[in-house]
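FYI, the numbering just counts along the sequence from 1. Since we're looking at a predicted model, the values are computed, not measured.
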Amino acid sequence: MDLTSLRSHNNRTVLGLVRKGALSRADISAAVELTPQAVSKIVARLIEQGLLEETGAVRAGGRGKPRMALQLRADGAQAYGAYVDRDELRVVLLDLTGEVVSSSVVPLPALFTPDDVLEALVPLVELGERVLGLGIGIAGPLDFASGVVDPNGLPGWKGVPLRALAEERLGLPVVVDKDTNAAVLAEAWHRPMRDAAVVYAGTGLGAGLLLGGEVHRGARSGAGEFGHTTIQLDGPLCVCGRRGCVEVVHAVAGAAAPKVLGAAVANLVQLLDLDQIVLSGRKVLEAQDAYLAAMPDVDVSVTAYGADLVPVGAGLLVLGELF
Ligand SMILES: [Zn+2]
């Protein structure tokens, strides 16, 4: 499927409304500045393209002419999402509603190269008529616009044009973003969030920021390098080359790790006036209660996606272009 031809403004408007709840053509027309005729035309095209389907007649208030409710056709489009972690590659396939169709994980060798990642991706990504593309989440820093990455903690990866390499190797459109941005996108997919952070404590440590309801990437795609803010002057040496970063202090803190993260998250909440924090990453998933108990007094939860959080968000980077 060709994403460019599908993502017209009107298509996105209609698909976005239907994603939020099954609607009739009349409901859509009432919600946006489109005539009933225009809505009917757009809907007919989206049904023909296999992205929408009719679910059956609903009769508003039990009277009047029954209206045909619409919903997304789950198998109408698919997107892959991948997470290049420091020791493994995790890949999911999403349907049009963002649900996981399949999920796989393979280990990556120590000091793996970009070519090792592409090699591992090839058997996990099947090209299909309905596949829109692949989103890749990886540690920052990186440039979101160009897909060139310089990830902390991956020795030898300097200025790697990961998006271009993956597009060439796999033969489909690729989007590359920070793992933490993918994570926050996944959390915001199913519920309303405005000023929130997904704090990710896995092999690395970072935060994905949602400010005013939008993913905040910053001037150079560098926002959310929360793990590399200094919490201890002259502290231990970090993978980024500086000392005393939250990431390394947290990593060596042993039983005090939740407290270290709690103090750092309290700073983040104060700095940005956040009202929602979602905790994620394997360190947190292994000791949820201790981490929850150490957090500041805002709405704090642990992700419901488990280990699939980043790959799901990476897939949504691609799928989200339809809405
Ligand atoms: Zn650091």
Side-chain angles (χ1 to χ4, degrees), residues 3 77-95 98-144 146-183 185-186 200-206 208 221 239 280-283 285-286 303 305-320:
L3 198 50
Q78 296 180 319
Y80 280 99
Y83 177 27
V84 181
D85 202 349
R86 289 177 190 165
D87 54 3
E88 65 182 26
L89 173 72
R90 205 168 266 275
V91 175
V92 298
L93 178 62
L94 303 181
D95 70 20
E99 290 301 309
V100 175
V101 177
S102 65
S103 169
S104 43
V105 58
V106 292
L108 289 169
L111 302 176
F112 62 86
T113 63
D115 204 53
D116 291 329
V117 171
L118 298 174
E119 227 15 67
L121 272 172
V122 168
L124 301 180
V125 175
E126 280 177 53
L127 299 185
E129 166 77 356
R130 303 256 133 208
V131 175
L132 297 171
L134 164 72
I136 302 177
I138 189 167
L142 57 78
D143 181 53
F144 178 65
S146 66
V148 174
V149 306
D150 292 273
N152 281 320
L154 296 183
W157 286 59
K158 276 279 159 271
V160 175
L162 184 59
R163 188 174 82 189
L165 291 173
E167 283 187 340
E168 191 185 297
R169 187 66 163 267
L170 300 167
L172 83 175
V174 174
V175 182
V176 177
D177 204 352
K178 284 213 306 200
D179 45 11
T180 45
N181 289 342
L185 207 61
Y200 198 87
T203 52
L205 200 153
S221 321
V239 291
S280 61
R282 62 178 97 139
K283 293 266 175 55
L285 296 174
E286 285 161 7
T303 183
Y305 285 102
D308 281 341
L309 175 65
V310 172
V312 166
L316 292 177
L317 284 166
V318 175
L319 214 53

(message) When you compare the side chain of L94 with that of V101, does any pair of heavy atoms fall below 4.5 Å?
(response) no
(request) Report the residues that fulfil salt bridge (charged side-chain N to carboxylate O under 4.0 Å, His left out) with R282, sequence neighbours left out, ordered by chain and then residue number. (result) D85, D87, E88
(message) If I take atom CG from residue L285 and atom OG1 from residue T303, how far apart are they, to the nearest 0.5 angstrom?
(response) 7.5 Å
(request) Return the set of residues passing side chain to side chain contact (heavy atoms under 4.5 Å, CB included) with A307 (not counting sequence neighbours), or none when no residue passes. (result) R90
(message) Can you tell me how far apart CD1 (I138) and CZ (R86) are? Round to the nearest 0.5 Å.
(response) 10.0 Å
(message) Do Y200 and L309 have side chains that approach each other closer than 4.5 Å (heavy atoms only, starting at C-beta)?
(response) yes
(request) State the CG-CD1 distance between D179 and I136, to the nearest 0.5 angstrom. (result) 12.5 Å
(message) Please find the pair of heavy atoms, one from P109 and one from D116, that lie closest to each other, and give the distance.
(response) CG-OD2, 4.0 Å
(request) Check whether any side-chain heavy atom of V105 sits under 4.5 Å from a side-chain heavy atom of L89, and report yes or no. (result) no
Show me the donor-acceptor pairs within less than 3.5 Å that the side chains of residues 149-164 make with the rest of the protein, sequence neighbours left out.
unit_1 : atom_1 : unit_2 : atom_2 : d
D150   : OD1    : G159   : N      : 2.6
W157   : NE1    : F112   : O      : 2.9
R163   : NH1    : A145   : O      : 3.1

(request) Scan V100, V310, V312 and name whichever one has a side-chain contact (heavy atoms from CB on, under 4.5 Å) with Y305. (result) V312
(message) Taking the side chain as everything from C-beta on, heavy atoms only, tell me whether L121 gets closer than 4.5 Å to V117.
(response) yes
(message) Would you say CG of L127 has more than 12 non-hydrogen atoms from neighbouring residues, nucleotides or ligands within 6.0 angstrom?
(response) yes
(request) Could you tell me the separation between the CD atom of Q78 and the CD atom of E129, rounded to the nearest 0.5 Å? (result) 11.0 Å
(message) Under the rule for side chain to side chain donor-acceptor pair (under 3.5 Å), what residues qualify as partners of S221, not counting sequence neighbours?
(response) none
(request) Taking all heavy atoms of A182 and all of A314, pick out the closest pair and write down the distance. (result) CB-N, 3.5 Å
(request) Report the residues that fulfil salt bridge (charged side-chain N to carboxylate O under 4.0 Å, His left out) with R169, sequence neighbours left out, ordered by chain and then residue number. (result) D115, E119
(message) Suppose we screen for side chain to side chain contact (heavy atoms under 4.5 Å, CB included). Which residues come up paired with N181, at least two apart in sequence or across chains?
(response) D177, K178, V215, R217
(message) Distance check, rounded to the nearest 0.5 Å: L124 atom CG versus L93 atom CG?
(response) 11.0 Å
(request) Quick one: closest heavy-atom pair of A139 and L142, and the distance? (result) O-CD2, 4.2 Å
(message) Quick check against the 3.5 Å criterion: does Y80 have a side-chain atom that pairs as donor or acceptor with the backbone of E126?
(response) yes
(request) For residues A120 and V106, report the shortest heavy-atom separation together with the two atoms involved. (result) CB-CG2, 4.2 Å
(message) Looking at E167 and V174, would you say the former's side chain and the latter's main chain have a donor-acceptor pair under 3.5 Å?
(response) yes
